[in-house]
There are 2 protein chains.
Amino acid sequence: MKNLVSRCPIEEVMQVLSGRWPTLLIYYLKDGTKRFNELRRDNPTISHKMLTLELRKLEDAGIVQRTEFNGYPLRVEYDLTPAGETLVPLIDALGEWWEATDSPGQQHAEEIGNAVEFDRPV
Amino acid sequence: MKNLVSRCPIEEVMQVLSGRWPTLLIYYLKDGTKRFNELRRDNPTISHKMLTLELRKLEDAGIVQRTEFNGYPLRVEYDLTPAGETLVPLIDALGEWWEATDSPGQQHAEEIGNAVEFDRPV
DNA sequence: CCATGGTTACAAAAAGGTGCGTAATTTACT
DNA sequence: AGTAAATTACGCACCTTTTTGTAACCATGG
């Protein structure tokens, strides 16, 4: 999804929240400051390239705050911005909606063959 | 995004809402019953393949109701399900959040070169 | 050599677009 | 009267574009 088709704000948010990682990263950052490699440990199936790309995207969108501490080795911390924190309940509401509506095609946990065991938020 | 990485309901909703089209289609279906070609006219840049795929996905998720009338030519109507209607305000909330937070990397309407003129919801 | 937090180039995989075929009936033209 | 074309909502095969993964490289200090 490189460019927009409409000028609707909804399409703009979805452009940044779409995909596997954005909401997951926001979920982990809810708990507070995290460093790059902590986030990698939280979701081991993300490649470091994806992680940097997604973090940049969230940073550009004003959802994530990146703070670089120069020391060696370089240390970088990621937090939610105040705006990012106000986004969290909205995303949670979507999750609750999903749980509440037991839709026909909804996958139940037991059926998800490819879910990774060691990575199970919520 | 073919399969899930966690068993978190948020990831599951995002799997169906991710991408350019799902929220846009929901947006148009808010107004009431629509037929296939009406939806194509509403967003002229979607291909018929994408439209059928996205509508099926939303149907499987219990968001959209598909009703087939056999006659010739075949007529098919799409509506939001009751569950789909309860989803609308949540999506709207995201759009409002986006408008409220004037994030640095946020594209402003005037800057979007590739936005299609004749397709401008909201 | 290790660790940190990257970048870059190349390759694989996934997503998306294009065009053809299908059905039964109506309308349009010759 | 006979033929042709359009209509609706797709399915299918093929091809291009976009996204993601892999691997290698960088800097630095311990």
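A note on names: the letters A, B, ... follow the listed sequences, proteins ahead of strands, and every chain is numbered from 1.
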Inset, instruction - To the nearest Å, give me how far apart CG (A:Asn37) and C1' (C:dT4) are. - result: 6 Å
Legend entry - A:Tyr78 side-chain proximity, nearest of C:dG5, D:dG21, C:dG6: C:dG6
Legend entry - Minimum-distance nucleotide (side-chain atoms of A:Phe36 versus C:dG6, D:dT8, C:dA14): C:dG6
Inset, instruction - Mind calculating the distance between CG (A:Leu39) and C1' (C:dG6) to the nearest angstrom? - result: 14 Å
Inset, instruction - Using a strict 4.0 Å threshold on nitrogen-to-oxygen distance, state whether A:Glu38 and A:Arg41 make a salt bridge. - result: no
Inset, instruction - Mark yes when over 12 heavy atoms from residues, nucleotides or ligands other than A:Asn70 sit less than 6.0 Å from its CG; otherwise mark no. - result: no
Legend entry - Euclidean distance, atom CE of residue B:Met1 to atom P of D:dT20 [Å, nearest integer]: 10 Å
Inset, instruction - Check the distance between D:dT7's C1' and B:His48's NE2 and give it to me in whole angstrom. - result: 15 Å
Legend entry - Nucleic acid footprint by protein, nucleotides 22-27 of chain C - heavy-atom cut-off 4.0 Å, B for base, S for sugar-phosphate alone: --S---
Inset, instruction - Round to the nearest Å and state the distance from B:Met50 atom CE to C:dA15 atom C1'. - result: 6 Å
Legend entry - Co-membership, hydrophobic cluster, residues A:Ile26 and B:Met1, 4.5 Å side-chain: no
Inset, instruction - Check whether any side-chain N or O of A:Arg56 sits under 4.0 Å from OP1 or OP2 of C:dG6, and answer yes or no. - result: yes
Inset, instruction - Check every atom of D:dA9, C:dG6, D:dG21 against the side chain of B:Val76 and return the nucleotide holding the closest atom. - result: D:dA9
Legend entry - A:Arg66 side chain, from C-beta outward: closest of C:dG17, D:dT8, C:dG6: C:dG6
Inset, instruction - Mark yes or no for whether B:Trp98, through its side chain, and A:Met14, through its backbone, hold a donor-acceptor pair below 3.5 Å. - result: no
Inset, instruction - Check for a donor-acceptor pair, side chain of B:Ser18 on one end and backbone N or O of A:Ser18 on the other, with a separation under 3.5 Å. - result: no
Inset, instruction - Please report, rounded to the nearest Å, how far the P atom of D:dT20 is from the CG atom of A:Asn43. - result: 14 Å
Legend entry - Interatomic distance, B:Leu51 CG vs C:dA15 C1' [rounded to whole Å]: 16 Å
Legend entry - Under 3.5 Å donor-acceptor, A:Glu11 side chain and A:Val5 backbone: yes
Inset, instruction - State which of C:dG5, C:dT7, C:dG16 makes the closest approach to the side chain of A:Thr52. - result: C:dT7
Legend entry - Nearest-Å distance for atom pair CD/P, residues B:Glu38 and D:dT7: 15 Å
Inset, instruction - Take B:Lys49 and B:Arg35, find for each the nucleotide of DNA chain D with the closest heavy atom, and name the residue whose nucleotide sits nearer the 5' end. - result: B:Arg35
Legend entry - Shared hydrophobic cluster, B:Tyr72 / B:Phe36 (ILVMFWY, side-chain heavy atoms < 4.5 Å): no
